Engineer: 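Please read through the structure below; I'll follow up with questions.
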Amino acid sequence: MAEAGLAQIPDVDIDSDGVFKYVLIRVHAAPPSGAPAGESKEIVRGYKWAEYHADIFDKVSGEMQKKGYGCECLGGGRISHHSQDKKIHVYGYSMGYGRAQHSVSTEKIKARYPDYEVTWADDGY
């Protein structure tokens with residue numbers, strides 16, 4: 001049941017253009033107390049409206065908790081999305097959550113935007 005529910009959560013939800021903060025979040029099915037950890041998946045969320053990485057995590061984790069899932073932030077960074085050029089660059093880090101594993105985020109973004117050039121670097125803020 002929970003695994004099917006996790007599959008319904010989009011891997012990537014980012015703004016369509018611009019430079020903005022993003023976070024890599026692990027969403028997991030909340031197991032009954034005392035039970036081993038349930039299934040989980042990583043999701044990428046990035047939005048221009050967020051002043052802080054925590055703003056994104058707080059919003060997404062609140063939405064997921066209402067659906068019965070737990071969340072943990074694995075790190076953050078920035079995304080430069082140029083939809084007209086079909087280019088996305090993932091870089092930087094979050095002061096509060098540390099650097100996300102950009103290689104994981106990039107693979108998820110490539111799957112969501114297969115006709116884009118998607119790159120990443122640990123450089124920058």
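The structure displayed is predicted, hence computed values, not measured ones.
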Engineer: Any link between Phe20 and Ile56 through a network of hydrophobic side chains (Ile, Leu, Val, Met, Phe, Trp, Tyr) touching at under 4.5 Å?
Structural biologist: no
Engineer: Does Glu42 form a side chain to side chain contact (heavy atoms under 4.5 Å, CB included) with Val44? I'd like the steps, not just the answer.
Structural biologist: CA-CA 7 Å; Glu42 285 75 42; Val44 175; over 6 Å; no
Engineer: Calculate, to the nearest 0.5 Å, the distance between atoms NZ and CG belonging to Lys21 and Asp55 respectively.
Structural biologist: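 Taking NZ in Lys21 and CG in Asp55, the distance rounds to 8.5 Å.
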Engineer: Got a donor-acceptor contact below 3.5 angstrom from the Arg99 side chain to the Gly92 backbone?
Structural biologist: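 Checked: pair present.
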Engineer: For Thr106, check side-chain contact (heavy atoms from CB on, under 4.5 Å) against everything at least two apart and list the hits.
Structural biologist: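 In terms of side-chain contact (heavy atoms from CB on, under 4.5 Å), with neighbours along the sequence ignored, Thr106 is linked to Val90, Lys110, Val118, Trp120.
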Engineer: Please check if Ile79 and Met95 belong to a single hydrophobic cluster, counting links between Ile, Leu, Val, Met, Phe, Trp and Tyr side chain heavy atoms closer than 4.5 Å.
Structural biologist: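 Looking at the clustering, Met95 is in a separate group from Ile79.
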Engineer: Just by distance, with hydrogens left out, do Tyr47 and Asp13 show a side-chain donor and acceptor under 3.5 Å apart?
Structural biologist: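 Present: a donor and an acceptor within the cut-off.
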Engineer: Of all residues at least two apart in sequence or in a different chain, which pass the ring pair (Phe, Tyr, Trp, His ring centres under 6.0 Å) check with Tyr116?
Structural biologist: His81, Tyr113
Engineer: Roughly how far, to the nearest 0.5 Å, is the OG atom of Ser94 from the NE2 atom of His53?
Structural biologist: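 Reported value, rounded in 0.5 Å steps: 4.5 Å.
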Engineer: Start with the C-alpha distance between Glu63 and Lys59, add both sets of side-chain angles, then the distance that settles salt bridge (Lys or Arg N to Asp or Glu O under 4.0 Å), and finish with yes or no.
Structural biologist: CA-CA 6 Å; Glu63 291 169 356; Lys59 180 181 187 303; 2.5 Å; yes
Engineer: Grouping I, L, V, M, F, W and Y whenever their side-chain heavy atoms are under 4.5 Å apart, do Ile9 and Leu74 come out in a common cluster?
Structural biologist: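 Shared cluster, no.
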Engineer: For His102, what residues pass the ring pair (Phe, Tyr, Trp, His ring centres under 6.0 Å) criterion, not counting sequence neighbours?
Structural biologist: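 Result, ring pair (Phe, Tyr, Trp, His ring centres under 6.0 Å) vs His102: Tyr22.
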Engineer: Provide the full list of salt bridge (Lys or Arg N to Asp or Glu O under 4.0 Å) pairs with a residue in residues 82-95, sequence neighbours left out, each pair given once.
Structural biologist: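 The answer is Lys86-Asp115.
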Engineer: Is there side-chain contact between Val60 and Val23, with heavy atoms separated by less than 4.5 Å?
Structural biologist: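 When only atoms from C-beta onward are counted, Val23 and Val60 do not touch, as no gap falls below 4.5 Å.
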Engineer: Using side-chain contact (heavy atoms from CB on, under 4.5 Å) as the criterion, list what pairs up with Asp11, not counting sequence neighbours.
Structural biologist: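 Here the qualifying residues are Lys41, Lys108.
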Engineer: Between Ala100 and Ser105, which heavy-atom pair has the shortest distance, and what is it?
Structural biologist: CB-OG, 4.5 Å
Engineer: Within this structure, what is the CG-NE2 distance for the pair Asp17 and His82, rounded to the nearest 0.5 Å?
Structural biologist: 7.5 Å
Engineer: Working to the nearest 0.5 Å, report the span between NE2 of His89 and CD of Glu117.
Structural biologist: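 His89 atom NE2 to Glu117 atom CD measures 10.5 Å (nearest 0.5 Å).
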Engineer: With sequence neighbours left out, write down each residue that passes side-chain contact (heavy atoms from CB on, under 4.5 Å) with Cys71, or none if nothing qualifies.
Structural biologist: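 Partners of Cys71 by the side-chain contact (heavy atoms from CB on, under 4.5 Å) criterion, ordered by chain and then number, come out as Ile25, Val27, Phe57, Ser61, Met64.
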Engineer: Indicate the atoms forming the closest heavy-atom contact of Pro10 with Ile43, along with that distance.
Structural biologist: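 Residues Pro10 and Ile43, closest heavy atoms: O-CG2, 3.6 Å.
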Engineer: At what distance, to the nearest 0.5 angstrom, does CG of Asp122 lie from CD of Gln101?
Structural biologist: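 One gets 9.5 Å once the value is rounded to the nearest 0.5 Å.
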Engineer: Does some side-chain heavy atom of Thr119 sit less than 4.5 Å from a side-chain heavy atom of Tyr91?
Structural biologist: no
Engineer: Please step through side chain to side chain contact (heavy atoms under 4.5 Å, CB included) for the pair Leu24 and Tyr97, ending with a clear verdict.
Structural biologist: CA-CA 10 Å; Leu24 181 63; Tyr97 297 119; over 6 Å; no
